[in-house]
Amino acid sequence: MGGGRPTGSHAEVHADEADIRSAPPDDWRDAVADLLSRGYTFGSLHATGAPDAVELRAAFIRNGGFQMVTCRPADRHAPTIVDLVPAADWDEREAADLSGLVFDGRLTRPLLKHPGQLEQWTTTVRGRDTHQVAVGPIHAGIIESGHFRFHVVGERILRVDLQLFYKHRGLERAAVGRELSEALGFAQRACAACAVTNSVAYAHACEQALGLVPSSDLARARTVLLELERLYNHLNDVGAACAGVGFSPGSMVFAALKERAQRVNQALTGHRFLFNTVQVTRSDLEVNPQSARAARVELREIRAAAEDAWREVLFHGSVQNRFAGVGVVTAANAITLGMVGPVARASGVGGDTRCASPRLVYAGFKSATPLDPGGDVRARVEMRALELPATFDLLDTLLEGGLGRAASEPAGEPVATGMAAVESPRGRTFCTIERSGPAITRLRLRTSSYANWPAVALAATDNLLPEFPLINKSFELCYACCDR
Amino acid sequence: MFLLLRDLYRTRRQLALQRPKQPSSLAVRHVDAGSCNGCEHELAAAAGPHYDLARFGLSIVASPRHADVLLVTGPVTVHMRAALLAAYEAMPEPRIVAALGNCALGRGILAATDALAGPLEDLLPVTVRIAGCPPTPEQIITGLEPLLHKAATT
């Protein structure tokens, strides 16, 4: 069990390294290859600027430090990097849809745009008895909207084509021209279940651009909020997986525990989803010692109840039989697709952003590792249970004595671009902001759900069609976060 | 026995008794038209173990063809417009459209972007409005419950 415990409530907070350089279009691929060879991981890619002067930005991360390469494509043609970084596939398709860029060397199928012709966005599957099953965008339960097109033979899935972005609200475009503190609302409303992560990632990016670093109290308040968010999400996700196999005792007890966790959120911050608890350059959240004490007591009870409930799920043979070996993603595929978060760790691919988060209070944090990183539904669900103890430990430590108002401190020269990476309940969320004075000129939020959706399609391949809801629930990704 | 039942039936018809005043039941079909997922979480919580929407006679159903109420969340994106209208068309009459959450009510932070086709009021006849960002499970139940009484008397 990963028992991540900070070394102290006032662990050292410091600025992160961030470097930006431009490359001519001809050197674009070499610049990216150079960063990859130096151990940097792909973070995010986006296009920005006026239609006649579109620029590309690719951000990379290593050990909490950032590197960005920029390039101005000639005549809207840019060399693709998708062969170097397969994880940039959706980013390039999004840039093509939004900015009209043409990526030389690849076909960019529409991503945000929804073409009427099926051939434009699905793979042609031919053969005896192959047929298609269309699901969505409206699903049978209380579920977000998205369309899946399954190519099947009998019950077996040959391939799934995803058509998401039904919920694309243009949040990033709506943020342009707003002041930094005002545009926070658009980052937050990208998704309720990741509202804190998106807000903190946005605030970190803004503060990096402003040359500020959070005080240790500010870092502590944000770390508490991030872990509160992780707690109710992980409880929800274990329950969702139980619902995926029709195991009502599991889904009911975890739904009840999620409700208790959300009531802790309400008691501490006045909002069940922790909305409006994060501000740029400061924290207005105040938690008095009595409330903090009451929350710690309740959290300990939730912890004990969650451990009991998890034991029931773990030793329920029929549930485990349904989880095991379903929807496998190998470690090699997880790396290729750039998977992040607990679902990547379930495939044996580490990289918890919390281990290198100089702007938050995660000093000495060690990520939980699965007992058997099989990359199947069982491992993905188990990862949530394995990560809970660290979250409970962090909350218990950091809530001691309550929280007070806090501010950030100057730590460097203001710049025009800021980058940040924060570990959401679903993995690393990357935020990039560009500003002109106090106003946003470009906001890009590449969430953990966005990073992981291609893996859902891969995991479903070769499984039976009725297994798809379970595989989908074992990822439990947000559509809203992805679509923005 | 048969005579007794026949007499009772006749008496009841002659007295022209009103239909029972106690609430009836309603089937609800939820459509996410671009929400942030907050309304979905709270609707699921309302149907979950603490609040148990079903005990009021409100059930979430899998198809608009089974539904009395279309419960819509989100500011209605361009991409969801057609699916939302198709779901409404598939419902039997009489049908009720309920807007769940500030976004569906056009009060969200997104006033207008090129990605939105809403607000919902411009597309469908909304009669029930449940405000909140997101509305809590109690607010959802309080918002839907009057429909049961209305259904019982019409």
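Quantities reported herein were computed from a predicted structural model and do not represent experimental measurements. Order of the sequence lines sets the chain letters (A, B, ...), proteins ahead of strands, with each chain counted from 1.
- Taking the six-membered ring for Trp and the full ring otherwise, A/H234 and A/W310 have centroids separated by 6.0 Å or more.
- Although no hydrogens or angles enter the test, the distance criterion places a donor-acceptor pair under 3.5 Å between the side chain of A/D97 and the main chain of A/L111.
- Two rings, from A/Y479 and A/W453, have their centers less than 6.0 Å apart.
- Chosen from B/V61, B/L71, B/N37, B/V31, the residue pairing most often with chain A at heavy-atom distances under 4.5 Å is B/N37.
- Both the backbone and the side chain of B/C133 come within contact range of chain A, judged by heavy atoms closer than 4.5 Å.
- When heavy atoms are compared at a cutoff of 4.5 Å, A/R272 approaches chain B solely by way of its side chain, counted from C-beta outward.
- For a residue to count as touching a neighbouring chain, one of its non-hydrogen atoms must lie under 4.5 Å from one of that chain's; by this rule B/R81 does not touch chain A.
- Of the atoms belonging to A/R169, heavy atoms from both backbone and side chain fall under 4.5 Å from chain B.
- Proximity to chain A (any heavy atom under 4.5 Å) is restricted, for B/I60, to the side chain, taken from C-beta onward.
- By number of non-hydrogen pairs under 4.5 angstrom with chain B, the leading residue of A/Q266, A/H271, A/R260 is A/H271.
- The closest side-chain heavy-atom distance from A/L445 to A/R484 is below 4.5 Å.
- Proximity to chain A (any heavy atom under 4.5 Å) is shown, for B/A83, by both the backbone and the side chain.
- The six-membered or imidazole ring of A/H139 lies near that of A/F148, with a centre-to-centre distance under 6.0 Å.
- Options A/I143, A/D483, A/V253 differ in how many heavy-atom pairs under 4.5 Å they form with chain B, and the most are formed by A/I143.
- Contact record, A/Y450 with A/C482: CD1-O, 3.7 Å, taken as the closest heavy-atom pair.
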Passes side-chain contact (heavy atoms from CB on, under 4.5 Å), A/L274 versus A/L268? Steps please.
CA-CA 9 Å; A/L274 309 163; A/L268 286 174; over 6 Å; no

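- Options B/A33, B/P134, B/A87 differ in how many heavy-atom pairs under 4.5 Å they form with chain A, and the most are formed by B/P134.
- Between B/I96 and B/L147 the shortest side-chain heavy-atom distance falls below 4.5 Å.
- Using a 4.5 Å cut-off between heavy atoms, B/H41 contacts chain A through both its backbone and its side chain.
- Only the side chain of A/F273 comes within contact range of chain B, with heavy atoms under 4.5 Å apart.
- When heavy atoms are compared at a cutoff of 4.5 Å, B/P49 approaches chain A by way of both its backbone and its side chain.
- Using a 4.5 Å cut-off between heavy atoms, B/P137 touches chain A through its side chain atoms alone.
- For B/S35, the parts lying near chain A are the backbone and the side chain together; criterion is any non-hydrogen pair under 4.5 Å.
- Taking 4.5 Å as the limit, some side-chain heavy atom of A/K167 sits within range of a side-chain heavy atom of B/D32.
- Top candidate by heavy-atom pairs under 4.5 Å with chain B, chosen from A/S145, A/C191, A/G141, is A/S145.
- Annotation: side chain of A/I302 is in contact with side chain of A/L235 (closest heavy-atom distance under 4.5 Å).
- Top candidate by heavy-atom pairs under 4.5 Å with chain B, chosen from A/G170, A/A255, A/A256, A/C478, is A/A256.
- In this structure, A/R178 fails the cation-pi test against A/Y202, since its NZ or CZ atom is not both closer than 6.0 Å to the six-membered ring centre and inside 45 degrees of the ring normal.
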